[in-house]
Number of protein chains: 2
Amino acid sequence: MAVRKIRQERRPEILDAALRLSEERGLAAVSMRAVAAEIGLTPMALYGYFEDKEALLDGLVGRLLRELSQPGPRPGAASDWRDRLLARARGARALAHRYPRTFPLLLDRPAELPEAMRVVDALYAALLDAGVPDGQVAALERMISTFVLGFAVSEVNGRFGEGNLGTRERRERADPREVPAHHRLGEVLDRPVDWDAEFEEGLGRLLEVVERAAGAGEGSPRPGRP
Amino acid sequence: MAVRKIRQERRPEILDAALRLSEERGLAAVSMRAVAAEIGLTPMALYGYFEDKEALLDGLVGRLLRELSQPGPRPGAASDWRDRLLARARGARALAHRYPRTFPLLLDRPAELPEAMRVVDALYAALLDAGVPDGQVAALERMISTFVLGFAVSEVNGRFGEGNLGTRERRERADPREVPAHHRLGEVLDRPVDWDAEFEEGLGRLLEVVERAAGAGEGSPRPGRP
DNA sequence: ACCTGAACACCGTTCAAGT
DNA sequence: ACCTGAACACCGTTCAAGT
């Protein structure tokens, strides 16, 4: 029960090493022993900075989220809610591309971290400015971040395809009676996908959902900042 | 390089043991050694049935997906595309609640399994029947299954909240200047969430997206089955 | 044909000790 | 105050052997 005292000074150094390791050799290669070796320490030294491995992984999540929550709404430009929402969404996806092997951690973990709260807050603010009724803000935020996170994770972990076996071969190998719609669609499924465009289109559709939720509330959306 | 011969007979038995173990003690407890012990075998015996641990986990994904792809469109009732799409979505979420500790595997893994293809095919078929243009079917399917999977995973792994620390305390502990929208929303964030209702509302919004995509295509949707 | 046993190179973590 | 060393109870997997 004795709550060990956690030191802070070398945490950034340790997390950088963990992130480097994760991107170079995969998340599975992030072991206490490997991270320690990376910066010339004994595994046990890490326990001065992190309670256990879980805490180190939470730290990694925080490291990623900090890059996302950093900018905040630019103080000068009076950007509207759409721009701010789009910026957060694109920022999250860009983060996934920058750290493809580590990013999926964000979906694995509850992340009740302060950094996560700041990102969510920015989305709440955008939805409020759009005129979404208070009672629907949280649900819409969850819908949007589920899409953004889920899309970005699926892209980088290969769930969306481009696996070792091409779609075409898999489809042709399969019994047409088992997957009739695949056969009806035929070659359109083989066309290369423009992921940027698909993500933007999904976002556009979600913006429409937000607008409808805002419109159904009452008359006019809240004014922008003065 | 010599491709080992993989036996089939006891695979279901092994996968059942792995699933049981995963639900009882968590996905991390699914080790080759623990699964083997569960059915009275030596760890090495499993390698007769699965190439390696990855293959065993893929088998687990297949086990879950089979429950989802099982029913197919009931042969009698001429259900419309909405009902079939909703049935698949609700089925996926129900699966998450039935196997909460194992379900997140579905988002981790590419899953180019035949079972996954059958589920996707059912969604393609529903979207085609709705009148969605061929070129947009795959993107809409990805948007829908990203929402469904992401929502269900977030629900069962705790990403949506209900963590050890209540939202209220976290919000009040945070600096109001750091998370202003949380403070503006105040107590509405503390209201208990009806996850069933929120999921259904999200689905409803996605059905509207589908309808708009279908409407923008051309005149009339495809007819139901004769 | 199916399974076991011993061995190898790894894990996370505790505890006591070093400087 | 910060770190190390030895030890414990685990991993996945290879290889050779048993029946």
Side-chain angles (χ1 to χ4, degrees), chain A residues 1-63 101-102 104-105 108-110, chain B residues 1-63 101-102 104-105 108-110:
Chain A
M1 274 298 106
V3 181
R4 217 146 14 87
K5 246 233 147 165
I6 293 300
R7 288 184 280 284
Q8 299 297 328
E9 319 87 57
R10 304 187 68 178
R11 279 173 62 109
E13 181 189 351
I14 296 167
L15 291 174
D16 282 351
L19 185 53
R20 202 164 51 237
L21 210 52
S22 173
E23 288 304 319
E24 276 169 11
R25 299 201 251 136
L27 205 44
V30 179
S31 68
M32 298 300 269
R33 298 171 117 105
V35 171
E38 189 83 358
I39 53 177
L41 286 179
T42 273
M44 282 317 300
L46 299 187
Y47 288 84
Y49 300 92
F50 298 92
E51 171 119 39
D52 54 16
K53 193 188 176 182
E54 289 281 286
L56 188 144
L57 292 178
D58 282 340
L60 218 37
V61 169
R63 250 239 48 177
R101 306 179 88 168
T102 314
L105 255 192
D108 279 12
R109 315 188 74 75
Chain B
M1 274 295 106
V3 181
R4 217 149 14 86
K5 246 235 146 158
I6 294 300
R7 287 184 281 286
Q8 300 297 327
E9 318 87 58
R10 303 188 69 179
R11 280 174 63 110
E13 182 189 353
I14 296 167
L15 291 174
D16 282 352
L19 184 54
R20 202 163 53 236
L21 210 51
S22 174
E23 287 305 318
E24 276 169 11
R25 297 200 250 137
L27 204 45
V30 178
S31 67
M32 298 299 270
R33 297 169 117 105
V35 171
E38 189 83 358
I39 53 177
L41 285 179
T42 273
M44 282 317 299
L46 299 187
Y47 288 84
Y49 299 92
F50 298 93
E51 171 117 40
D52 53 18
K53 193 188 178 183
E54 289 282 285
L56 189 145
L57 292 178
D58 282 339
L60 218 37
V61 170
R63 250 240 47 179
R101 308 179 87 169
T102 314
L105 256 191
D108 279 10
R109 315 187 74 73

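By convention in this document, chain letters (A, B, ...) are assigned in the order of the sequence lines, proteins followed by strands, and residues within each chain are numbered from 1.
B:I39 CD1 to B:I14 CD1: the interatomic distance, rounded to the nearest 0.5 Å, is 4.5 Å. Atom CG of B:L27 sits about 9.5 Å away from atom CG of A:D108, to the nearest 0.5 Å. Atom CG of B:L15 and atom CG of B:L57 lie 9.5 Å apart (nearest 0.5 Å). With rounding to the nearest 0.5 Å, the separation of CE in B:M32 from CZ in B:F50 is 8.0 Å.
Qualifying salt bridge (Lys or Arg N to Asp or Glu O under 4.0 Å) partners for B:E54, counting only residues two or more places apart in sequence or in other chains: B:R109.
A straight line from CD of A:E54 to C1' of C:dC11 spans 15 Å, rounded to a whole angstrom. Atoms CG (A:L46) and P (C:dG12) sit 10 Å apart, rounded to a whole Å. The distance between atom CZ of B:R33 and atom P of D:dT14, rounded to the nearest whole Å, is 13 Å. Taking atom NZ on B:K53 and atom P on D:dT14, their separation rounds to 15 Å, with Å as the unit. Rounded to whole Å, the distance from CZ on A:R25 to P on C:dC10 is 10 Å. If you take CG of B:L21 and P of D:dC10, they are 14 Å apart, rounded to a whole angstrom. Atom CG in A:L27 sits about 14 Å away from atom P in C:dC11, given to the nearest Å.
Residue pairs satisfying the salt bridge (charged side-chain N to carboxylate O under 4.0 Å, His left out) criterion with at least one member in residues 26-35 of chain B, sequence neighbours excluded, are absent. Within the structure, side-chain hydrogen bond (donor to acceptor under 3.5 Å, both in side chains) pairs that include any residue of residues 12-25 of chain B comprise B:R10-B:E13, B:D16-B:R63, B:R20-B:E38, B:S22-B:T102, B:E23-B:T102 (at least two apart or interchain).
Residue B:Y49 has its side chain nearest to C:dC3 when only C:dC3, D:dC11, D:dT13 are considered.
The backbone N or O of B:A45 lies less than 3.5 Å from no partner atom in the side chain of B:T42, so there is not a single donor-acceptor pair.
Closest approach of B:V30 and B:A18 over heavy atoms only: CG2-O, 3.7 Å. The two residues A:Y49 and A:Q8 make their nearest non-hydrogen contact at CD2-N, 4.3 Å. When all heavy atoms of A:A29 and A:A34 are compared, the pair lying nearest together is O-CB, 3.6 Å.
A:M44 comes within 4.0 angstrom of a base, heavy atoms only. Within the nucleic acid shown, A:F50 has no heavy atom closer than 4.0 Å to any nucleic acid atom.
Residues of residues 34-43 of chain B that place a heavy atom closer than 4.0 Å to DNA chain C, in numerical order, are B:L41, B:T42. Residues from residues 6-19 of chain A lying near DNA chain D, meaning a heavy-atom separation below 4.0 Å, are A:R7, A:E9, A:R10 in numerical order.
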**Message:** Dot-bracket for DNA chain D, please. Rules: Watson-Crick or G-U, both distances under 3.5 Å, ( ) within the strand, [ ] when a pair crosses earlier ones, | for another strand, . otherwise.
**Reply:** ||.|||||...|||||.||
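Residue B:Y47 has a polar side-chain atom (N or O) positioned under 4.0 Å from OP1 or OP2 of D:dT13.
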